[in-house]
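Accompanying notes for the structure given below.
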Number of protein chains: 2
Amino acid sequence: MNDELLRILPRPPEERADAARNRVRVLEAAGRLFAEGGTDALSVDAVAREAGVGKGTVFRRFGDKSGLVSALLDRKERELQEGIVFGPPPLGPGAPPRERVQAFFSAYITYLADHLDLVRLSETAAPGARFRTGAYVFWHRHLELLCAGLPDADHLAHVLLGAVAADLNTELLARGIGWDRVRAGVAAAVDAHFAAAERP
Amino acid sequence: MNDELLRILPRPPEERADAARNRVRVLEAAGRLFAEGGTDALSVDAVAREAGVGKGTVFRRFGDKSGLVSALLDRKERELQEGIVFGPPPLGPGAPPRERVQAFFSAYITYLADHLDLVRLSETAAPGARFRTGAYVFWHRHLELLCAGLPDADHLAHVLLGAVAADLNTELLARGIGWDRVRAGVAAAVDAHFAAAERP
DNA sequence: ACAGGAAGCGGACCCAAGTCCGCTTCTCTT
DNA sequence: AAGAGAAGCGGACTTGGGTCCGCTTCCTGT
């Protein structure tokens, strides 16, 4: 009967065994290379060689370099995402929108500060890559919902996310604007928008 | 006597004749190629070939591809810059800061909409290129001065400029968010910040 | 006019991302 | 157990940005 069900309802196409094996090989290789040599060591060729796999395989698995790096970041991103969906307020559900937005940016900036190089790589490896990652879509949607009361929440969410773009903040860091000022600045921007909407 | 002066005060190193000739050749070639085939046709190799010049020459003149494209945009940028420095209010001097900021973004968005592809190329050709162009420095300084009364004008100026980044707006356009909504959204952001500062 | 040195020139070369395609491996079906 | 077809594999190849360096052109001082 189990067999019957399986035949009748062929499960969504699963990853083949060799494919799955190579996925973890590549990811482990990439992690190793990054740990040793930073983003400079992360050429696709080098990753493929270290993983003992052909270059084509890497691209087949991850689409492009940006996808590979995103996959590397996936675990950390998920932590944040779970905190948003299931965690305690103010990051999780339960607090008023304004506080949740503040909590999100505070947490995101921590995440960004911890992984700036990789995030930057994942956002700039291909032009426009930033906006197509699952993560971006998630953050945007989250903010859009929280800003539902404000004018054009869709656009506003994009603009707010622009303030935590990796290449901008790499530049700010280089110019001596530290994470404390970034935190304060972003918080001020969020407050400004919510305050504007709260008034007649 | 003219000769004397010239000898005593050797003018700042001028561009050599052949160099100047090649600069205009390259720029004209690039303009031609772009007019015909858009940004896709703008590979450095193609530009060099069209200009009848070696590839190395292009890089020597313009530094990198981003620099070449910036040079293409230079004329249009200057118009805006002159309007800011010498033109009539509210874009030029004389109007209150808030209105000047609004006027700037309005004008900038018009410029951006007219040259989105080229601006995008100049901002993304090299990672971080955006922040190093003379134009960006100019816009940033302008905004920073106008926002002098607000908290952390330096950071704020960067964040506001983030809202008119070319790759973001390319994406917004693709998602059906038109220039009218961008205009409104940016104007709202500016207003929110100024309003926040005007209150106790 | 000319000599010397700086500035410029060009194209071969390098590196890294991404594509292609003939071959191999897996998995499903009977 | 075996055959067939899909999925995956790998590495040669393409493309495009950027560097290098021996040669040429220009400008300056005499």
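Remember, it's a predicted structure, so these values are computed and weren't measured experimentally. By convention in this document, chain letters (A, B, ...) are assigned in the order of the sequence lines, proteins followed by strands, and residues within each chain are numbered from 1.
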Practice prompt. Flag this pair as yes if the NZ/CZ of B:R100 is under 6.0 angstrom from the six-membered ring centre of B:F105 and inside a 45 degree cone about the axis; otherwise no.
Written response: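 No, B:R100 does not lie over the aromatic ring of B:F105.
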
Fill in: Nearest-Å distance for atom pair CZ/C1', residues B:R60 and D:dT25
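Computing the B:R60:CZ to D:dT25:C1' distance gives 13 Å.
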
Discussion item. Without decimals, in angstroms, what is the distance between A:F62 CZ and D:dG10 P?
Written reply: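 Answer to the nearest Å: 13 Å.
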
Discussion item. On the nucleotide D:dG11, are OP1 or OP2 found under 4.0 Å from the side-chain N or O atoms that A:R49 carries?
Written reply: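 Checking A:R49 against D:dG11: no side-chain N or O falls below 4.0 Å of OP1 or OP2.
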
Discussion item. Check this one for me: any side-chain N or O of B:N22 less than 4.0 Å away from OP1 or OP2 of C:dG8?
Written reply: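 Indeed not, no polar side-chain atom of B:N22 lies that close.
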
Worksheet item: Where the side chain of A:H140 meets the backbone of A:Y136, is there a donor-acceptor pair that is under 3.5 Å apart?
Response: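 Not at all, since once roles are kept as given, no pair shorter than 3.5 Å links the two residues.
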
Distances for protein N or O near nucleotides 24-27 of chain C N or O, under 3.5 Å:
| unit_1 | atom_1 | unit_2 | atom_2 | d |
| --- | --- | --- | --- | --- |
| C:dT25 | O2 | A:R16 | NH1 | 3.3 |
| C:dT25 | O2 | A:R16 | NH2 | 3.1 |
| C:dT27 | OP1 | A:A17 | N | 2.9 |

Worksheet item: So do the side chains of B:E171 and A:H158 get within less than 4.5 Å of each other, counting heavy atoms only?
Response: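 Of all side-chain heavy-atom pairs linking A:H158 with B:E171, none is under 4.5 Å.
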
Worksheet item: Hey, does B:S70 have a side-chain heavy atom less than 4.5 Å from the side chain of B:E77?
Response: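 With C-beta onward as the side chain, the pair stays apart.
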
Worksheet item: Who pairs with B:R60 by salt bridge (Lys or Arg N to Asp or Glu O under 4.0 Å), at least two apart in sequence or on another chain?
Response: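 Counting only residues at least two positions away or on another chain, B:R60 forms no salt bridge (Lys or Arg N to Asp or Glu O under 4.0 Å).
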
Discussion item. Among B:L173, B:D167, B:T39, B:L121, exactly one meets side-chain contact (heavy atoms from CB on, under 4.5 Å) together with B:L116. Which residue is that?
Written reply: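 The passing option is B:L173.
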
Worksheet item: Do A:R183 and A:T110 have side-chain atoms, one donor and one acceptor, less than 3.5 Å apart?
Response: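 Their side chains do contain a donor-acceptor pair, which is all the 3.5 Å distance test asks for.
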
Discussion item. I need a per-nucleotide contact map over nucleotides 15-20 of chain C, read 5' to 3'. Cutoff is protein heavy atoms under 4.0 Å; write B for the base, S for backbone only, - otherwise.
Written reply: --BBB-

Worksheet item: Between D:dG10, C:dG8, D:dC9, which nucleotide has the shortest distance from any of its atoms to the side chain of B:A19?
Response: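 Nearest nucleotide to the side chain: C:dG8.
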
Worksheet item: In Å, rounded to the nearest 0.5 Å, how long is the span from CZ of A:R23 to CZ of A:R16?
Response: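 A:R23 CZ to A:R16 CZ: 14.0 Å, rounded to 0.5 Å.
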
